[in-house]
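Data first, discussion second: the structure below is written as structure tokens.
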There are 2 protein chains.
Amino acid sequence: MTSTPTLTKNQDLVLGVLKRSDAPLSAYVILDKLRDNGFRAPLQVYRALDKLLEKGLIHRLESLNAFVACAHSGESCCSHGTVAFAICNACGHVMEFHDHTVDHRLADWTKARGFKPEKTTIEIRGLCASCAA
Amino acid sequence: MTSTPTLTKNQDLVLGVLKRSDAPLSAYVILDKLRDNGFRAPLQVYRALDKLLEKGLIHRLESLNAFVACAHSGESCCSHGTVAFAICNACGHVMEFHDHTVDHRLADWTKARGFKPEKTTIEIRGLCASCAA
DNA sequence: TACAATTATGTAATGTTATTACATATGTTG
DNA sequence: CAACATATGTAATAACATTACATAATTGTA
Ligand SMILES: [Zn+2]
Ligand SMILES: [Zn+2]
Ligand SMILES: [Zn+2]
Ligand SMILES: [Zn+2]
């Protein structure tokens with residue numbers, strides 16, 4: 001009941017956990033956080049994550065095997081192209097952004113070779129301004 | 001003895017397997033392929049992979065949890081910036097490329113925010129020209 | 001050569017991430 | 001209600017990766 005309707009109970013619980021977190025969470029960490037809400041098995045988490053990914057409400061960070069709430073929930077964040085992430089290796093903070101030029105360059109490359117893109121991952125691992133200081 | 005010197009026996013075996021493969025391989029698949037060469041445990045593979053990554057002879061594909069031989073081995077492929085991959089979801093074929101403009105755009109973004117990049121992942125999953133036809 | 005230091009290897013056990021299979025429940029539609 | 005689709009609960013297993021500890025090979029140097 002904390003977020004957007006059209007979500008089932010489990011989906012809403014998982015999304016809530018991700019929204020309240022300031023760093024990406026693995027499926028098993030989410031599971032632990034939801035034990036008190038009746039979660040018992042990984043599949044309960046993975047099923048909710050799958051639906052939330054479909055709806056564009058969360059993202060999977062491939063280089064971390066972890067998940068974050070979309071930083072632009074509600075709007076067209078993911079409808080205007082590929083999303084990129086800058087991920088701090090020290091504090092775990094994630095910045096989500098979008099760059100049209102990058103999108104276009106990658107689209108040009110694939111188009112020139114007849115490659116049909118389905119999903120693009122851009123993840124920059126490093127140190128955020130605070131942690132690098 | 002099949003490839004570049006300065007490699008140990010295990011490193012050379014693992015690199016050989018990756019070079020002969022036309023698709024990315026997981027660590028456990030590599031292990032299976034090297035049973036006849038005395039490999040018994042995952043760690044033998046992971047240790048060799050770590051060293052090969054350090055030397056820039058292979059790449060890890062984060063979205064697949066798998067590894068490929070560098071397409072530009074020998075030269076400065078990885079010294080001239082971030083490498084990107086187009087990965088076919090149907091046949092597994094991987095194309096490795098580099099785009100200066102993409103690099104610069106991402107560098108501009110991070111620099112503007114004081115983020116210090118350490119490793120950047122760019123992976124485009126989709127269908128190669130052959131498979132999309 | 002002898003020795004110490006470093007690097008590489010072998011093996012077992014364990015930890016982490018993700019899926020398959022099957023049963024039950026809930027909601028929607030005609 | 002019946003039929004269908006969607007969501008959930010649970011157990012077991014598969015796939016990916018690391019820790020811990022012991023041994024061997026290599027390298028540098030007194
Ligand atoms: Zn988003
Ligand atoms: Zn940080
Ligand atoms: Zn390369
Ligand atoms: Zn293909």
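Lettering of chains follows the sequences in order, A, B, ..., and the numbering in each one begins at 1. Atoms considered below: every heavy atom in the structure, side chains included; atoms not considered: hydrogens, waters and symmetry mates.
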Problem - Side chain of B/Arg40 - closest among C/dT11, D/dT10, D/dT18 - result: C/dT11
Practice task
Report the distance from atom CG of A/Leu31 to atom P of D/dT10, rounded to the nearest whole Å.
Solution key: 12 Å
Fill in the blank from the handout: note: B/Arg47, atom CZ; D/dT18, atom P; distance rounded to Å ~ 12 Å
Completion exercise
To the nearest angstrom, the CZ-C1' distance between A/Arg60 and C/dT19 comes to 13 Å
Fill in the blank from the handout: Between B/Thr82 and B/Ile122 the two heavy atoms that sit nearest each other are CG2-CD1, 4.0 Å
Practice task
Give the nucleotide from the list C/dA18, D/dC16, C/dT9 with an atom nearest to the side chain of A/Phe67.
Solution key: C/dA18
Handout entry: Short side-chain N/O contact from B/Gln44 to OP1 or OP2 of C/dG10, under 4.0 Å
Key = yes
Completion exercise
From CD of B/Glu62 across to C1' of D/dA15 the rounded distance in Å is 16 Å
Exercise for the section: Considering just the side-chain nitrogens and oxygens of A/Asn65, establish if one lies under 4.0 Å of OP1 or OP2 belonging to C/dA18. Expected result: yes
Practice task
Would you kindly give the CG-to-C1' distance between A/Leu7 and D/dT6, to the nearest whole Å?
Solution key: 14 Å
Practice task
Look at the side chain of B/Tyr28 and the base of D/dA14, then say whether one donor and one acceptor between them are separated by less than 3.5 Å.
Solution key: no
Problem - A/Lys116, NZ: over 12 other non-hydrogen atoms inside 6.0 angstrom - result: no
Practice task
For the pair A/Ser26 (side chain) and A/Val29 (backbone), establish whether a donor and an acceptor sit closer than 3.5 Å, ignoring hydrogens and angles.
Solution key: yes
Exercise for the section: Please report, rounded to the nearest Å, how far the C1' atom of C/dG10 is from the CG atom of B/Leu34. Expected result: 15 Å
Handout entry: Smallest separation among heavy atoms of B/Cys91 and B/Ala23, with atom names
Key = O-CB, 4.4 Å
Exercise for the section: Ignoring backbone atoms, establish whether A/Thr8 has a side-chain N or O less than 4.0 Å from OP1 or OP2 of D/dA7. Expected result: no
Fill in the blank from the handout: From CG of B/Leu49 across to P of D/dT18 the rounded distance in Å is 10 Å
Exercise for the section: Can you tell me the distance, in whole Å, between the CG atom of A/Asp50 and the P atom of D/dT8? Expected result: 12 Å
Completion exercise
Per nearest nucleotide of DNA chain D, the residue lying toward the 5' end, B/Ala27 or A/Lys51, is A/Lys51
Problem - Toward the 5' end of DNA chain D, by each residue's nearest nucleotide, B/Leu64 or B/Leu43 - result: B/Leu64
Exercise for the section: Please check if the distance between the ring centroids of A/Phe67 and A/His59 is under 6.0 Å. Expected result: no
